[in-house]
Amino acid sequence: MKTLREQIEELLRAGLQQVQAAGALPEFALPAVIAVAPSRHESHGDYGSPVCLGLARELRRPPLQIAQAVLPHIPAADFVAEVTVAPPGYLNFALSETWLAQQVTAVLAAGDTWGNVALGVGKRVQVEFVSANPTGPITIGSARNAVLGDVLASLLAAAGYAVEREYYVNDAGSKVQHFGGSLYARYANLLDVPEPFPEQGYPAAYVTELAQAIVAQEGRRYLDMPRETAIRELYRLGIARVLEGVADDLAQLRVHFDTWFHETTLHTSGLFDAMMAKLRAGGYLVEYDDAVWFRHPDLEKDAVLIRSPKVAPNPVDRPTYLASDIPYLWHKLVERGFDWAIYVWGADHHGDVPRVQAAAQAVGVTPARLTFILYQMVTLLRGGEEVRMSKSSGEFVTLRELVDEVGPDPIRFMMLTRTVDVTLDFDLDLAVEQSDRNPVYYVQYAHTRIAGVLRKAAEERLDPQVMGDTRLLTHPSELALIRKMLALPDTIAQAAANLTPHLLPLYATELAALFHAFYRDCRVVSTAPEDAALTSARLTLVRAAKNVLARVLHLMGMNAPDRM
RNA sequence: GCCCCCGUGGCUCAAUUGGACAGAGCGUUUGGUUGCGGACCAAAAGGUUUCAGGUUCAAGUCCUGACGGGGGUACCA
């Protein structure tokens with residue numbers, strides 16, 4: 001289904017073609033994209049286009065004159081009441097109010113699919129996000145990543161893409177070695193065997209707890225193995241346990257993954273070696289200082305792929321992250337055949353983007369098929385003070401603690417409200433606060449209010465499923481609400497096309513505000529006989545509005561409560 | 001030093017990607033319900049969009065420079 005904006009764009013395109021065919025204007029090149037935007041002022045109608053302004057130079061005429069020439073050639077359409085010209089040359093479209101009122105039933109009939117668009121039909125996209133090291137619980141540091149990735153995936157699905165959510169498990173690097181060593185040390189110590197704690201180990205309490213659980217379940221059998229074997233066995237067991245916890249913690253935030261991709265499989269499958277060979281054949285590998293480097297004309301400096309034994313005595317420590325990223329992107333885009341891969345990364349990794357893109361190019365994958373969402377950091381505030389987070393220091397707030405304290409809805413809403421380009425201050429005190437200072441409840445309250453109206457209707461023995469005659473909806477507040485409901489497809493299209501999920505909370509807040517205004521102006525439930533038709537119409541409207549609110553809340557992964 | 005992000009009413013942020021008179025929330029001030037949940041609504045005050053140039057019919061948005069804040073710049077992961 002085409003969005004309103006797209007339909008207006010088509011009218012304009014037809015108008016521009018017509019005006020040329022009629023010879024009313026000199027020859028000009030039809031713009032590839034015709035800008036159409038919702039109007040900001042009521043006096044400008046519902047949608048406006050500055051397209052004639054852009055044509056002024058080529059046609060050597062005042063834009064106002066061009067607009068006036070185009071105007072009579074714009075085809076009529078049932079959803080448009082009036083097209084007008086406004087200085088200095090805008091073409092403004094006012095929607096037909098009778099048409100608007102009739103759309104309410106369509107919104108209601110669409111149910112959960114209202115707002116879906118066809119932008120990505122036939123394309124498969126993978127969103128890879130969170131992907132935190134599997135060496136400990138998820139911290140608040142990953143909360144923004146988790147919410148952004150999840151909602152981007154939902155948005156793309158609403159835009160017609162076939163979407164897969166993936167978690168990349170870094171289970172092959174030196175971090176897991178340190179993790180295994182830490183676990184082994186705690187395990188041995190618990191059994192009164194001396195074992196020094198590794199220098200770069202994980203001192204946090206969860207490692208000890210994990211070791212206790214293993215002692216309780218498995219006894220001392222790991223002490224009978226060679227040390228290296230025991231460490232390997234322990235970190236495998238530990239990672240599996242940690243990942244169960246990670247999945248559970250994320251589920252509390254309503255984040256779920258379709259696939260958990262383990263880095264080690266890149267090595268066991270031989271893809272890692274195959275890609276290294278491919279890079280070598282392409283002349284992208286250089287060796288010096290006992291290390292192997294990736295060299296590419298787009299990169300200022302060589303990037304290490306395989307460390308030297310001097311730096312990394314243990315062979316499993318030698319491949320770098322970048323070395324794995326290359327077979328991994330191949331696996332995504334070639335072996336699994338995704339058309340598009342989205343990576344959700346913190347801005348502290350922005351320096352890695354050019355390297356991965358250069359590597360993609362080097363192995364023959366068009367870099368444009370990779371998109372990196374770089375979101376700025378989150379600073380956590382408690383009592384106005386910044387809370388520092390670091391897994392290795394052992395001092396951090398887990399995602400679990402945050403969700404238990406605040407609940408998923410405020411976290412998700414607040415993580416979504418800002419653009420990814422600004423650093424986000426997450427105020428714990430405000431998030432917990434259930435008041436009008438907290439914007440989260442404003443939207444949910446609108447949904448609750450509608451549920452209240454429907455409960456009231458049921459008490460008055462009105463049929464809540466009635467389909468009223470929506471042509472009776474003519475009040476300005478009714479029409480304003482309907483206009484906003486009908487804007488959801490365009491909002492989803494825009495948010496998906498530009499990967500800007502912050503448009504959702506913005507839209508939800510505006511929709512809620514228009515509902516609240518409607519609620520003030522228009523009494524819904526009336527038992528007076530002369531109001532029966534209008535009550536039916538308004539109940540229909542209110543149900544449709546509830547449907548749209550629920551849709552947006554669900555896209556954001558939030559609850560749409562009937563009671564609060 | 002170099003690279004990335006940000007700078008918009010007192011505070012936190014939007015602005016449909018270059019379009020019309022820069023919009024919301026919080027805070028402040030004033031008002032609103034003997035009717036569907038007041039976690040609501042309405043009104044007011046508050047702006048030279050950090051500064052200086054430039055491009056354009058049109059700049060918060062693009063370019064150059066300056067100032068301020070955050071992040072990055074390892075054979076760290």
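In what follows, every chain begins at residue 1, and chains take the letters A, B, ... in the order their sequences are listed.
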Exercise for review: Would you sort out whether H516(A) and Y445(A) count as a ring pair (Phe, Tyr, Trp, His ring centres under 6.0 Å), showing the intermediate values?
Suggested key: CA-CA 9 Å; H516(A) 288 309; Y445(A) 180 58; 5.7 Å; yes
Check: S536(A) side chain, L534(A) main-chain N or O, donor-acceptor pair, under 3.5 Å: no
Testing rC40(B), rC5(B), rG70(B) for proximity to the side chain of D421(A), the answer is rC5(B)
* hbond_proxy T423(A) side chain to rC6(B) base (donor-acceptor, 3.5 Å cutoff) -> no
Provide a list of protein-nucleic acid N or O atom pairs under 3.5 angstrom, restricted to nucleotides 57-60 of chain B.
| residue | atom | partner | partner atom | Å |
| --- | --- | --- | --- | --- |
| rC57(B) | OP1 | R57(A) | NH2 | 2.1 |

Among rU12(B), rG37(B), rG71(B), the one nearest any side-chain atom of R418(A) is rU12(B)
Review point. What nucleic acid atoms does N170(A) come within less than 4.0 Å of, heavy atoms only: base, sugar-phosphate, or nothing?
Key: nothing
Note to self: Taking any heavy-atom pair under 4.0 Å as a contact, classify N92(A): base, sugar-phosphate, or nothing.
What the structure shows: base
Between CD of Q376(A) and C1' of rC5(B) the distance, given in whole Å, is 4 Å
D425(A) CG to rG71(B) P, in whole Å, measures 12 Å
Under a 3.5 Å distance rule, please check whether S39(A) uses its side chain to pair with a backbone N or O of H44(A) as donor and acceptor.
yes
* Asked: Does a donor on one side chain sit under 3.5 Å from an acceptor on the other, for E460(A) and T527(A)?
  -> no
Assess the residue pair R13(A) and E9(A) against the criterion (salt bridge (Lys or Arg N to Asp or Glu O under 4.0 Å)); give the C-alpha distance rounded to whole Å, side-chain angles, the decisive distance to 0.1 Å, and a yes or no. CA-CA 6 Å; R13(A) 188 176 302 281; E9(A) 190 178 331; 3.4 Å; yes
5'-most contact on RNA chain B (nearest-nucleotide basis), M564(A) vs D317(A), goes to M564(A)
query = Does a side chain donor of either Y288(A) or D302(A) reach within less than 3.5 Å of an acceptor in the other side chain?
reply = yes
From the candidates rA20(B), rC75(B), rC3(B), the one with an atom nearest any side-chain atom of H350(A) is rC3(B)
Determine: side-chain N/O of R520(A) to OP1/OP2 of rA42(B), distance under 4.0 Å, yes or no.
yes
### Message
Students often get this wrong, so: under 4.0 angstrom with heavy atoms, is H502(A) touching a base, only sugar-phosphate, or nothing?
### Response
sugar-phosphate
*Under-4.0 Å side-chain N/O to phosphate OP1/OP2 contact, H41(A) with rG23(B)*: yes
How is N498(A) classified with respect to the nucleic acid when contacts are heavy atoms under 4.0 Å: base, sugar-phosphate, or nothing? base
Considering every strand and a 4.0 Å limit on heavy-atom distances, what is the contact class for D352(A): base, sugar-phosphate, or nothing?
base
P atoms of rA45(B) and rG25(B), separation to the nearest Å: 15 Å
### Whole-angstrom distance between rC40(B) and rC3(B), as gauged at atom P
47 Å
In whole Å, what separates the P atom of rC5(B) from that of rA59(B)?
23 Å
Picking from rG19(B), rC13(B), rC40(B), the nucleotide nearest the side-chain atoms of R449(A) would be rC40(B)
TODO: Give a yes or no answer on whether the side chain of E510(A) reaches the backbone of K484(A) with a donor-acceptor pair at less than 3.5 Å.
DONE: no
Original post:
Given the P atoms of rC57(B) and rG23(B), what is the spacing between them in whole Å?
Top reply: 26 Å
inquiry  = Considering every strand and a 4.0 Å limit on heavy-atom distances, what is the contact class for V524(A): base, sugar-phosphate, or nothing?
reply    = base
When both distances are under 3.5 Å in a Watson-Crick or G-U wobble arrangement, the nucleotide paired with rG18(B) is none
Out of rA20(B), rA42(B), rU16(B), minimum distance to the side chain of Y90(A) belongs to rA20(B)
Grab the N/O contacts between the protein and nucleotides 28-33 of chain B below 3.5 Å, and write none if there aren't any.
none

*asked:* Please report the distance separating the C1' of rU61(B) from the corresponding atom of rA20(B), rounded so that it comes out in whole Å.
replied: 16 Å
Would one find a side-chain N or O of T500(A) under 4.0 angstrom from OP1 or OP2 of rU16(B)? no
TODO: Under the ring pair (Phe, Tyr, Trp, His ring centres under 6.0 Å) rule, what do H178(A) and Y202(A) come out as? Steps first, then yes or no, please.
DONE: CA-CA 7 Å; H178(A) 301 315; Y202(A) 292 77; 7.5 Å; no
**Sugar-phosphate, base or nothing in reach of C522(A), heavy atoms under 4.0 Å** = base
Taking the P atom in each of rU30(B) and rU49(B), what is the distance between them to the nearest angstrom? 31 Å
*For R318(A), answer base if it contacts any base atom (sugar-phosphate contacts may also be present), sugar-phosphate if it contacts only those atoms, and nothing otherwise; contact means non-hydrogen atoms under 4.0 Å.*
nothing
**Short side-chain donor-acceptor distance under 3.5 Å, Q177(A) and D317(A)** = no
Which part of the nucleic acid, if any, lies within contact of V304(A), taking any heavy atom under 4.0 Å across all strands shown: a base, the sugar-phosphate backbone alone, or nothing?
sugar-phosphate
Winner on side-chain proximity to T448(A), out of rG37(B), rG35(B), rG71(B), is rG37(B)
Do W345(A) side-chain atoms and F372(A) backbone N/O form a donor-acceptor pair below 3.5 Å? no
Closest non-hydrogen contact found for A545(A) with L481(A) is CB-CD2, 4.2 Å
Of the listed rC6(B), rC40(B), rA20(B), the closest approach to the V422(A) side chain comes from rC6(B)
Closest to the side chain of A517(A), out of rG37(B), rA42(B), rC36(B), is rA42(B)
Would you verify whether the NZ or CZ of R449(A) falls within 45 degrees of the ring axis of Y519(A) while also being under 6.0 Å from that six-membered ring's centre? yes
OP1 or OP2 of rG38(B) versus the side-chain N and O atoms of Y519(A): is any pair under 4.0 Å? yes
Would one find a side-chain N or O of Y321(A) under 4.0 angstrom from OP1 or OP2 of rA74(B)? no
Going by an N to O cut-off under 4.0 Å, is there a salt bridge joining K546(A) and D562(A)? yes
Q: Can you establish whether the number of heavy atoms outside E42(A) located under 6.0 Å from its atom CD is more than 12?
A: no
Out of rG71(B), rA74(B), rG37(B), minimum distance to the side chain of K301(A) belongs to rA74(B)
Here the gap from Y167(A) atom OH to F129(A) atom CZ, rounded to the nearest 0.5 Å, amounts to 10.5 Å
Provide the distance between the two P atoms, one in rU55(B) and one in rU64(B), to the nearest whole Å. 15 Å
Contact class for G346(A) vs. all strands (heavy atom < 4.0 Å): base, sugar-phosphate, or nothing? nothing
Heavy-atom nearest nucleotide on RNA chain B taken for S49(A) and for Y288(A); more 5' hit belongs to S49(A)
Taking rA39(B), rC21(B), rA42(B) as options, the one with an atom nearest any side-chain atom of H44(A) is rC21(B)
Produce the list of close N/O pairs, under 3.5 Å, pairing protein atoms with atoms of nucleotides 44-50 of chain B; give distances to one decimal.
none

- Item | Nearest-Å distance once atom P is located in both rG54(B) and rU17(B) | 27 Å
- Message: Using modelled atom types and a 3.5 Å cut-off, is there a donor and acceptor pairing between side-chain atoms of T264(A) and backbone atoms of D171(A)?
- Response: no
